Amino acid sequence: SAGDLSPGLELKTEPEGRPEPEESCPVCGDRVSGYHYGLLTCESCKGFFKRSVQNNKHYTCVEMQSCPMNPLQRKRCPYCRFQKCLAVGMKREAVRADRMRGGRNKFGPLYRRDRQMKEQKVYHQTTTTPCRIKMETTQALQPTAPSDLHLMTGHTNVPLSSDPFHQCQVYPSGMGQLGAPMPLDCTMNTDRGLTPPSLSTTSLTPASTPTPGPSALVTSTPNFLDQLVEAEQDESQLCAKVLASLQREQASRGKHDRLNTFSIMCKMADQTLFGLVEWARNSALFKELKVEDQMVLLQSCWSELLVLDHLCRQVSYSKEGCIYLTVTGDIEVSTILSQAGVTLSSLVSRTQDLVTKLRALQLDRHEFVCLKYLVLFNPDVKSVQSRRQVEQTQERVNRALMERTQQTHPGHSDKFGQLLLRLPEVRSISLQVEDYLYQRHLLGDLPCNSLLTEMLHTKHS
DNA sequence: CTAGCCTTGATC
DNA sequence: GATCAAGGCTAG
């Protein structure tokens, strides 16, 4: 029609209109065209980010990874541009793997909240008499507002390593859209009460009741190992927990926003971690330790326990050439290797090698439990107070393991020694896992408020 | 490859 | 039915 005023012109000729909702693109400073992949950006950065993620681009910078980003120079270095995109908080998850058009995703509410917050800001700038209704909305929004993880990434130059799982989406069966909308996936986990509590000092304290005298366990009994094994948690229980947690998560998302494999694995790891902490806290041997020692031990070995747990699951359940992932069914190793980046590929193949070795050794449940205890009771952990006690327990389990392997495999050359020789590799893998997870965490890929993140943080702080 | 404009479609 | 963030298309 005759109007034909470009929006830009319209704004310039209307200085006293609304207090300028026009922002500049946080990536390059160009004019924003709307919310794209998590925040307000310009049209070109939207397109650039989409192409980069869709085609799994890996750029390199020929300069110092700090190239200027403005509308004129943004084309020069896609590496720095993409880094900037991630740093300001553009979300890979918002790029659809199935390329489905139209519709909305889980960021809809986020966008609305962001808008409201901006409105509030403007409102407070322009008036000094806040009205009640507005205050109420602000309060309601306050707690969830600044939770974005990417704020913490700042301008770190995390190398854009593997970006494996974003393309391969898995749809666990039975994931309907249940009612109960969750506030926002990146906010507080209100259901923490149902799952084992977090590792913070407060939560560990009440459960630990240092047994005064020598318990039945501590005096050497012939069933020592059996008792340890009995305390193990059931695999099907874990599976149910993971599924429940995944269903909660999926329920809070839209159809377009299916959890990808990486998110699913994070959830699994998180639930497993809860289970492991619970396992330790319920263990009679562990309860005898001071709470502070319990803390530092768990903080030191959680990833090893996680790896060990994974290994045992693979030895027991996985098919040849596949990784058994509890809820997603089997995933072929070759598939992962073809999609994963360097770090993850190496992790997967190292782990698979270990699985092969442990399978050849015919690792059984009793031995696995022993290994877990050996890892947990690590007297070499710095700042352990009752070092002697930890040492003695470790030695005790060690002896039990030795006796058992000699009993059950009298003909086996040295199963005991062979098992112990695997532990350094477990440790090494676990460290690599931590590194990998921390990198993904910095990229904003890890769900916030997970025990996993908490553990990562205590180590890196 | 870039970026402006176009088409889609779940949600409001 | 309007909205508006997804993906698609295509000159440059």
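Residue numbers start from 1 in every chain, and the chains themselves are labelled A, B, ... in the order their sequence lines are given, proteins ahead of strands. This one's a predicted model, so the numbers in the text were calculated from it and none came from an experiment. Just so it is clear, the values below take in all heavy atoms, side chains as well, and ignore hydrogens, waters and symmetry mates.
Rounded to the nearest 0.5 Å, atoms CG (A:Asn70) and CG (A:Asp30) are 9.5 Å apart.
The phosphate of B:dA3 has OP1 or OP2 within less than 4.0 Å of a side-chain N or O from A:Arg74.
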- Nucleotide by nucleotide, 5' to 3', does protein get under 4.0 Å of the base (B), only the sugar-phosphate (S), or neither (-) in nucleotides 5-12 of chain C, counting heavy atoms? SBBB----

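Sorted by first and then second residue, the pairs that involve residues 352-361 of chain A and meet side chain to side chain donor-acceptor pair (under 3.5 Å), not counting sequence neighbours, are A:Ser318-A:Arg359.
Atom CD of A:Gln73 has more than 12 neighbouring heavy atoms from other residues, nucleotides or ligands inside a 6.0 Å radius.
When the P atom of B:dA10 is taken as reference, atom CG of A:Asp98 falls 12 Å away, rounded to whole Å. As a whole-Å value, the separation of A:Arg112 CZ from B:dA10 C1' is 13 Å.
For A:Tyr111 and A:Arg115, the side-chain atoms include no donor-acceptor pair closer than 3.5 Å.
Qualifying side chain to side chain contact (heavy atoms under 4.5 Å, CB included) partners for A:Asn282, counting only residues two or more places apart in sequence or in other chains: A:Glu278.
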